[in-house]
Amino acid sequence: MDGLTYARISHIAEYAGQEVTIRGWLYNKRSSGKLAFIIIRDGSGFIQGVVAKNAVGDEMFELCNSLTQESSIIVTGTVQDDPRSPGGYELQVSKVELVYMAEEYPISLKEHGVDFLLDHRHLWLRTPRQVAIMRIRSEVIKAMRDWLDDHDFILMDTPILTPAACEGTTTLFETDYYGEKAYLSQSGQLYNEANAMALGRVYCFGPTFRAEKSKTRRHLMEFWMLEPEMAYCDQEENMQIQEQFLAYTVQRVLEKRAAELKTLERDTSKLEKIIAPFPRMSYDDAIEYLKSKGVDTYWGNDLGATDETLLGEIHEKPVFITNYPTAVKAFYMKPDPKRPEVVLCSDLIGPEGYGELIGSSQRIDDPQLMFQRIKEHNLPEDAYKWYIDLSRYGSVPHSGFGIGLERTISWICGLDHLREAIPFPRLLNRIYP
RNA sequence: UCCUCGAUAGCUCAACGGUAGAGCACCCGGCUGUUAACCGGGUGGUUGUUGGUUCGAAUCCAACUCGGGGAGCCA
């Protein structure tokens, strides 16, 4: 290719002193009469190109001055280390080739409002902050999957189109399935239990859908959830797996995405403390603690968002809140044999006000009780026949958990809203772009 | 569904009953080390919609539309 060496900006240090060609876009430019600074981005990073008029000639210098924000350009130059440059390197430009002159770009480099940015999410994604978040998102997913794959879990995805609700029909997106009603999955868990009985340790990872009218920084209508499920596993082992798994994920991001965390100005000292084991607190103690803090609550009341924030502030690590009242939890959770009014479950509450990151429980393994619970919850028996079968044919103690990807990313990145943690957030009454 | 805040130039905001303005973006000019560069000039508005109060409404009132934050519920 014309003897040119194409370089990715993320690997620019490997080309110090050499002439390379970068293919990207103009992020920003500054210029004086005879010297222009063009900041080039190529998706992998940002680098400043220095264009001297007497080095490139009048015509090319004029081109640089006329470039609009986000114009696509191919830039050739010599890589030089320079302490004045944020990335440590800059490019002494010898040639700039215009691929396409961009129209006036809507997103200037000044501040913008949320509504405007969300309407331009397709362009907002190009900015350094969003790029950093997306790179961390990718690393979080890879770290989570690596940990599970290294611990004998098998990826076994569950359907998105489902005939009935996992936990009730009030918050489901309904769609038409050849004349029958179908629903977008709100959890892969029940199918995951079938998978676990087949493969032992499994996980599913995919989008889930909740048609809740929730309009808060902690909610998306479409979010990604990773749900491991383990046969022959009780709730104690379940929690140990969660803390190992999550601590590994956080430490992996600290190790591999330090530059991105710096871009986000994340206080990484808080993340460095996220190592197993995590503190635990029973629901009973949580209620007493909340009362002592002046919260108007009582035993049997579910924990609300402000309750979770208070509980999450006690420790610097995520905290397990264990053994909630049976009445406030899902039908499939196994009651504590010594104390049936509570279930063998835990919610993992993140620190710094990030709320519930993980919901988990040991599942009912007794077919009689399962049948009874389904009737109590007025769930359609026909639709759940296959699920009841799981406890009829070789039932075993089994447990699992679901972790919200965007909430985890939000916490690791220190975001103040989930909408930045996913490329195209689906929010209440907002499905564009 | 409820509570609460908001809507003025392409963007971020000011003007709070009396001539709609600034910064940025954009256009023109200047500048050889800029870091959201800077300096000078210029273009740019039916103040979300409808109605009301008033001599006069961006400003006060009502309804509606759209959006932000939160509650409930959840990950």
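Letters A, B, ... are given to chains in the order of the sequence lines, protein chains preceding strands, and every chain is numbered from 1.
At the heavy-atom level, H417(A) lies under 4.0 Å from the strands shown only through sugar-phosphate atoms. Backbone-only engagement by I358(A) is indicated by non-hydrogen atom pairs under 4.0 Å involving sugar-phosphate atoms exclusively. As judged by a 4.0 angstrom heavy-atom cut-off over every strand, G355(A) is placed among residues making no nucleic acid contact. At the heavy-atom level, L418(A) lies under 4.0 Å from base atoms of the strands shown. At a threshold of 4.0 angstrom between heavy atoms, the contacts of E222(A) with the nucleic acid are absent.
In this structure, L428(A) atom CG and G67(B) atom C1' are separated by 11 Å, rounded to whole Å. D115(A) has its CG atom 14 Å from the C1' atom of C5(B), to the nearest Å. Summarising the geometry, the separation between CD1 on I107(A) and P on U12(B) is reported as 11 Å, rounded to the nearest angstrom. L348(A) has its CG atom 15 Å from the C1' atom of C74(B), to the nearest Å. Atom CG in D347(A) sits roughly 7 Å away from atom P in A75(B) (whole-Å rounding). Put simply, CG on D307(A) is 12 Å from C1' on G72(B), counting in whole angstrom units. The CZ-C1' distance, from R210(A) to C74(B), rounds to 6 Å in whole Å. Rounded to whole Å, atom C1' of A75(B) lies 18 Å from atom CZ of R419(A).
Annotation: of the two residues near RNA chain B, D416(A) and E356(A), the 5′-most nearest-nucleotide partner is D416(A).
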Inset, instruction - Give the intermediate values and the outcome of side-chain contact (heavy atoms from CB on, under 4.5 Å) for residues T68(A) and L26(A). - result: CA-CA 7 Å; T68(A) 53; L26(A) 181 77; over 6 Å; no
Legend entry - Working for side-chain contact (heavy atoms from CB on, under 4.5 Å), residues L348(A) and V319(A): CA-CA 6 Å; L348(A) 186 68; V319(A) 57; 5.7 Å; no
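Going from the C1' atom of A22(B) to that of A15(B) covers 11 Å, rounded to whole Å. A7(B) and U12(B) have their P atoms separated by 12 Å, given to the nearest Å. Between A20(B) and C38(B), the two C1' atoms lie 29 Å apart (nearest whole Å). Between G10(B) and G51(B), the distance separating the two P atoms is 24 Å to the nearest Å. For the C1' atoms, the distance from A71(B) to U43(B) is 47 Å, rounded to whole Å. Remark: the separation of the C1' atoms in A58(B) and G48(B) is 12 Å, to the nearest Å. G68(B) sits 22 Å from U59(B) when the C1' atoms are compared, rounded to a whole Å. Here, A9(B) and C13(B) have their P atoms 11 Å apart, quoted to the whole Å.
Only at 4.0 angstrom or more do the heavy atoms of residues 149-157 of chain A sit from any atom of RNA chain B, so none qualifies.
Considering E376(A), K375(A), H377(A) as possible partners of L379(A), the one that fulfils the side-chain contact (heavy atoms from CB on, under 4.5 Å) test is H377(A).
Atom NZ of K293(A) is surrounded by 12 or fewer heavy atoms from other residues, nucleotides or ligands within 6.0 Å. Within a 6.0 Å radius of CD in E236(A), more than 12 heavy atoms belonging to other residues, nucleotides or ligands are found. For E111(A), the CD atom is loosely surrounded, since the number of other residues' heavy atoms within 6.0 Å does not exceed 12. Atom CG of D296(A) has 12 or fewer neighbouring heavy atoms from other residues, nucleotides or ligands inside a 6.0 Å radius.
Here H112(A) does not lie in a stacked arrangement on the base of U12(B), lacking the combination of planes under 30° and ring centres under 5.5 Å apart.
Side-chain atoms of S214(A) and base atoms of C73(B) include a donor and an acceptor less than 3.5 Å apart.
Below 30°, between 30° and 60°, or above 60°: for F46(A) and Y27(A) the angle between ring planes is above 60°, a perpendicular geometry.
Ring pair F401(A)/F245(A): centre-to-centre distance below 6.0 Å. Ring centroids of W124(A) and F116(A) are separated by 6.0 Å or more, keeping the two rings apart.
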Inset, instruction - Would you mind building the protein contact string for nucleotides 21-34 of chain B? One character per nucleotide, 5' to 3', B for base within reach (heavy atoms under 4.0 Å), S for sugar-phosphate only, - for untouched. - result: ---SSS----BBBB
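Taking 4.5 Å as the limit, some side-chain heavy atom of E193(A) sits within range of a side-chain heavy atom of Y387(A). Using a 4.5 Å heavy-atom threshold, the side chains of R201(A) and I154(A) count as separate.
Side-chain contact annotation: E237(A) with S399(A), donor-acceptor N/O pair under 3.5 Å absent. A donor-acceptor contact closer than 3.5 angstrom links the side chains of T76(A) and T21(A).
Of all nucleotides listed (A36(B), U12(B), G72(B)), A36(B) comes nearest to the side chain of N28(A).
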Legend entry - Base-pair map of RNA chain B as dot-bracket, where | denotes pairing with a different strand and pairs are Watson-Crick or G-U under 3.5 Å: (((((((..((((....[..)))).(((((.......))))).....(((((..]....))))))))))))....
